[in-house]
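Predicted model only: the values in this text are computed from it and were never measured. Chain naming here is simple, since letters A, B, ... match the order of the sequence lines and numbering starts at 1 in each.
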Amino acid sequence: MDLSFKALRRSYENGKSVASVLEPLQAAQKENRHNAFITLNAVDYPDFDPSKKLSGIPIALKDNIVTKGIRTTAASKMLSNFIPPYDATVVTKLKNAGALLVGKNNLDEFAMGSSNENSAFGKVLNAHDSAYVPGGSSGGSATAVAANLCAAALGSDTGGSIRQPANYSGVVGLKPTYGRVSRYGLIAFASSLDQIGPLSHKVEDAATLLEVISGYDKNDMTSAKKEVPKFAKFCEQGVEGMRVGVPQEYFDIDVDNPHLSKGVEETIRASIVALEKAGAIIEKVSLPHTSYAVATYYLIATAESSSNLSRFDGVRFGHRSSSAQTLDELYQKSRSEGFGEEVKRRIMLGTYVLSAGFYDAYYRKAQRVRTLITRDFEEVFQEVDMLLTPVTPSPAFRFGEKSEDPLQMYLEDIFTISCNLAGLPGMSIPFGESEAGLPIGVQLLSPWWEEGRLFQAGRQLELSRGVE
Amino acid sequence: MIDRSEVVKMAALSKLELGEEEIAHHQDTLGQILDYIKTLDDVDTTGVQPTIHPIHLELLLREDVVDGVLSREDVLKNAPQSQNGKFAVPKMIGDT
């Protein structure tokens with residue numbers, strides 16, 4: 001069944017009931033063959049309401065977005081029984097637009113991971129081939145869309161956690177400009193990097209969802225007072241005359257940059273040709289600090305996460321150890337029992353780089369390099385309207401291939417994390433396939449607040465592949 | 001590879017208890033990561049301001065009125081242990 005928003009709306013307008021669309025989806029969600037869901041939501045079947053943008057549209061939520069009365073775990077033992085007393089702002093907005101919230105998606109614990117192997121609720125399988133990872137950390141959301149279990153999902157992206165699983169799973173994934181979408185009710189990982197965004201079948205659906213979830217929110221002081229454009233309109237505008245930059249550093253190979261696989265290179269070349277044919281002007285550009293992005297990111301993200309995750313102390317909510325005798329033991333044992341290995345690693349690293357004697361050498365240094373990485377983008381966007389890059393060096397990898405080597409796993413994020421450090425919007429769009437038949441996407445990056453350009457070019461790439 | 005004592009110190013600062021096997025594992029993985037992070041030493045950041053936040057935000061003020069407060073009952077529903085409408089914890093003062 002075609003679960004794009006337009007197709008669903010057309011069916012409802014032609015008299016199909018919400019129940020007849022939802023029931024088969026719910027059966028498949030219940031079967032949970034790919035382990036994409038942690039919790040399913042009991043949905044009643046409302047009548048179609050044409051005045052609402054998302055009436056009858058089944059949407060899934062990454063399980064680090066809090067939902068009133070529905071368990072929200074962040075895929076951690078720490079929160080395995082947590083029932084939030086309030087809704088995240090994006091959840092309120094989706095409900096007001098008529099969306100049906102079908103369930104909560106599996107993820108890497110506290111959104112820390114690139115393969116969805118770090119979940120306390122078990123790994124998620126790639127919808128195209130179950131021997132492969134779906135990507136992470138929004139792996140459950142990407143799989144739920146790719147396996148046609150919902151029309152779209154919301155994920156969160158701190159260093160690529162929407163775009164990378166979208167890329168591995170063959171769906172559209174958008175990370176909005178930092179501040180475009182309220183983070184109120186998103187379980188915080190790294191507060192200066194986190195942003196909620198959509199994963200969908202079509203570019204236009206991502207645009208529609210962004211329209212719904214964007215906007216200033218008094219409950220998030222980092223949400224921006226910016227007008228929310230009619231994003232879906234950009235899908236019709238084409239790319240005639242648009243200057244598209246291809247950063248050379250993303251293709252140069254050195255010790256830090258894992259080799260670009262043949263499939264990825266071919267996909268990027270094909271996407272360049274497609275945009276050129278549609279009237280875009282392609283230019284080579286340079287982002288000289290690219291190779292420092294992973295180190296910078298893993299300093300800033302872990303530092304912020306060590307602070308954010310200090311709230312999990314076994315006192316007010318979350319797991320409490322039953323064997324603690326003193327308050328200090330209560331903290332230590334509750335945290336040690338509640339957090340998984342990767343989360344512990346990042347908390348320790350973050351605590352270390354913020355500790356006395358290391359703060360300037362590590363954390364302050366990373367913040368300065370972050371400025372240089374951002375400047376690279378400021379300069380390049382004087383020359384071009386948008387950037388086109390790979391999403392990851394290779395398509396999805398096999399389970400276990402990188403899980404023993406955290407550094408190799410981190411290096412997987414090389415092409416996605418600069419965007420978060422600079423606060424830019426970015427989108428992953430399926431465009432090719434590997435020899436093994438796994439999806440490969442391309443990444444588009446635009447200047448701050450110019451998500452519209454991503455939809456213009458993204459839709460153009462869809463058209464060139466014959467997507468209706 | 002970093003020293004065992006460094007991992008133990010990191011764990012203590014992070015309020016985490018690690019078993020011997022975990023300590024050995026983290027000596028290895030954290031050591032590799034910290035080595036990698038040293039690549040930043042190659043970047044000249046003289047005179048570069050640190051970025052604390054990615055976008056320039058207007059500081060918005062609001063009226064100083066209380067709203068949207070969760071009820072005590074709702075909040076305590078998620079508490080591992082509560083007593084008399086408050087969070088309960090083990091005895092605070094240890095023997096040391």
Side-chain angles (χ1 to χ4, degrees), chain A residues 82-83 85-86 177-179 192-193 218-219 221-222 224-225 256 289 291-292 294-296 298-299 306 313-317 319-320 324-328 330-333 335-336 339 344-345 347-349 351-352 355 362 364-372 374 406-407 410 421-423 448, chain B residues 6-7 9-19 22 25-26 29-30 32-60 62 67-68 70-71 74-81 87-96:
Chain A
F82 178 61
I83 308 217
Y86 68 100
T177 309
Y178 184 90
S192 81
L193 302 162
K218 69 177 172 57
N219 289 327
M221 64 172 282
T222 63
K225 273 206 162 159
D256 296 332
H289 293 91
S291 65
Y292 301 108
V294 174
T296 304
Y298 277 93
L299 279 164
S306 72
D313 56 7
V315 174
R316 293 152 301 157
F317 54 90
H319 175 75
R320 176 183 287 191
Q325 302 295 320
T326 64
L327 191 65
D328 223 34
L330 179 85
Y331 297 149
Q332 286 192 1
K333 289 188 189 296
R335 289 165 65 79
S336 304
F339 291 136
K344 287 180 189 171
R345 180 165 26 250
I347 290 175
M348 286 197 289
L349 187 59
T351 306
Y352 183 73
S355 65
Y362 284 122
R364 201 47 102 183
K365 178 81 183 184
Q367 287 185 316
R368 292 185 205 280
V369 182
R370 185 177 186 179
T371 302
L372 296 175
T374 306
L407 184 58
Y410 296 175
L421 289 168
W448 296 265
Chain B
E6 278 187 280
V7 176
K9 188 187 164 199
M10 285 173 166
L13 287 171
S14 310
K15 294 276 181 226
L16 291 168
E17 263 181 4
L18 300 181
E22 281 181 290
H25 177 67
H26 286 303
T29 58
L30 286 168
Q32 274 185 38
I33 295 164
L34 286 169
D35 267 351
Y36 180 77
I37 281 168
K38 291 207 174 77
T39 54
L40 293 190
D41 293 346
D42 302 344
V43 190
D44 182 5
T45 54
T46 320
V48 178
Q49 287 299 311
T51 295
I52 291 149
H53 208 267
I55 56 164
H56 300 290
L57 289 165
E58 200 187 325
L59 188 60
L60 297 161
R62 62 165 173 80
D67 84 302
L70 298 168
S71 78
D74 280 349
V75 170
L76 287 175
K77 271 184 193 158
N78 279 297
Q81 201 190 337
F87 298 110
V89 292
K91 187 173 62 142
M92 292 257 199
I93 304 159
D95 296 330
T96 48

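- If you tally non-hydrogen atom pairs under 4.5 Å between each of A/Asp328, A/Leu327, A/Thr371 and chain B, the highest count goes to A/Thr371.
- Both the backbone and the side chain of B/Ile52 come within less than 4.5 Å of a heavy atom in chain A.
- Each of B/Val43, B/Thr51, B/Leu40 was compared with A/Thr296 under the side chain to side chain contact (heavy atoms under 4.5 Å, CB included) criterion, and only B/Leu40 meets it.
- Put simply, CZ on A/Phe339 and CG on B/Leu16 are 7.0 Å apart, with the number rounded to the nearest 0.5 Å.
- For a residue to count as touching a neighbouring chain, one of its non-hydrogen atoms must lie under 4.5 Å from one of that chain's; by this rule B/Gln32 touches chain A with backbone and side chain alike.
- In this structure, no portion of A/His319 lies under 4.5 Å from any heavy atom of chain B.
- In this structure, chain A has a heavy atom under 4.5 Å from the side chain of B/Asp67, while its backbone stays farther away.
- When side chains are defined from C-beta on, B/Leu30 does not count as touching A/Tyr352, because their heavy atoms never get closer than 4.5 Å.
- Taking the side chain as every heavy atom from C-beta outward, B/Val89 and A/Arg320 approach each other to under 4.5 Å.
- In this structure, the portion of A/Ser355 lying under 4.5 Å from any heavy atom of chain B is its side chain and not its backbone.
- When each of A/Val294, A/Thr374, A/Leu421 is scored by its heavy-atom pairs under 4.5 Å with chain B, the top score falls to A/Val294.
- Within the model, atoms CD1 of A/Ile347 and NZ of B/Lys15 stand 13.0 Å from one another, a figure rounded to the nearest 0.5 Å.
- Of all the heavy atoms in A/Val315 and B/Pro80, the pair that sits closest is O-CD, 3.3 Å.
- Heavy-atom pairs under 4.5 Å with chain B peak, among A/Asn219, A/Val369, A/Thr177, at A/Val369.
- Under the 3.5 Å distance criterion, the side-chain polar atoms of B/Asn78 are left unmatched by any main-chain donor or acceptor of A/Arg316.
- The two atoms that bring B/Pro90 and A/Ala324 nearest to each other are CG-O, 4.3 Å, heavy atoms only.
- In this structure, no portion of B/His56 lies under 4.5 Å from any heavy atom of chain A.
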Test log, rule side-chain contact (heavy atoms from CB on, under 4.5 Å), inputs A/Tyr292 and B/Asp42: CA-CA 9 Å; A/Tyr292 301 108; B/Asp42 302 344; 3.8 Å; yes
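- Atom CD of B/Gln81 sits in a crowded spot, with more than 12 heavy atoms from other residues, nucleotides or ligands closer than 6.0 Å.
- A/Gln367 is linked by a side chain to side chain donor-acceptor pair (under 3.5 Å) to A/Tyr363, A/Arg364, counting only residues two or more places apart in sequence or in another chain.
- Here the straight-line distance linking atom OG of B/Ser14 with atom NZ of A/Lys344 works out to 11.0 Å at 0.5 Å rounding.
- Taking each heavy atom of B/Glu17 and A/Ser336 in turn, the nearest pair found is N-OG, 2.6 Å.
- No part of A/Ser306 comes within reach of chain B, as not one of its non-hydrogen atoms sits under 4.5 angstrom from that chain.
- Rounding to the nearest 0.5 Å gives a distance of 9.5 Å between NE2 of B/His53 and CG of A/Leu193.
- Chosen from B/Arg62, B/His25, B/Glu6, the residue pairing most often with chain A at heavy-atom distances under 4.5 Å is B/His25.
- Of the inter-residue distances, the one linking B/His26 atom NE2 with A/Arg345 atom CZ reads 5.5 Å to the nearest 0.5 angstrom.
- In this structure the side chain of B/Thr45 reaches within 4.5 angstrom of the side chain of A/Lys365, judged on heavy atoms.
- If you measure heavy-atom distances from A/Ile83 to chain B, the contacts under 4.5 Å come from both the backbone and the side chain.
- For the atom pair B/Met10 CE and A/Leu349 CG, the distance stands at 6.0 Å (nearest 0.5 Å).
- B/Leu34 is listed as a side-chain neighbour of A/Tyr362, based on a closest heavy-atom distance under 4.5 Å.
- The candidate with the highest count of non-hydrogen atom pairs below 4.5 Å against chain B, out of A/Lys218, A/Arg370, A/Gln325, is A/Arg370.
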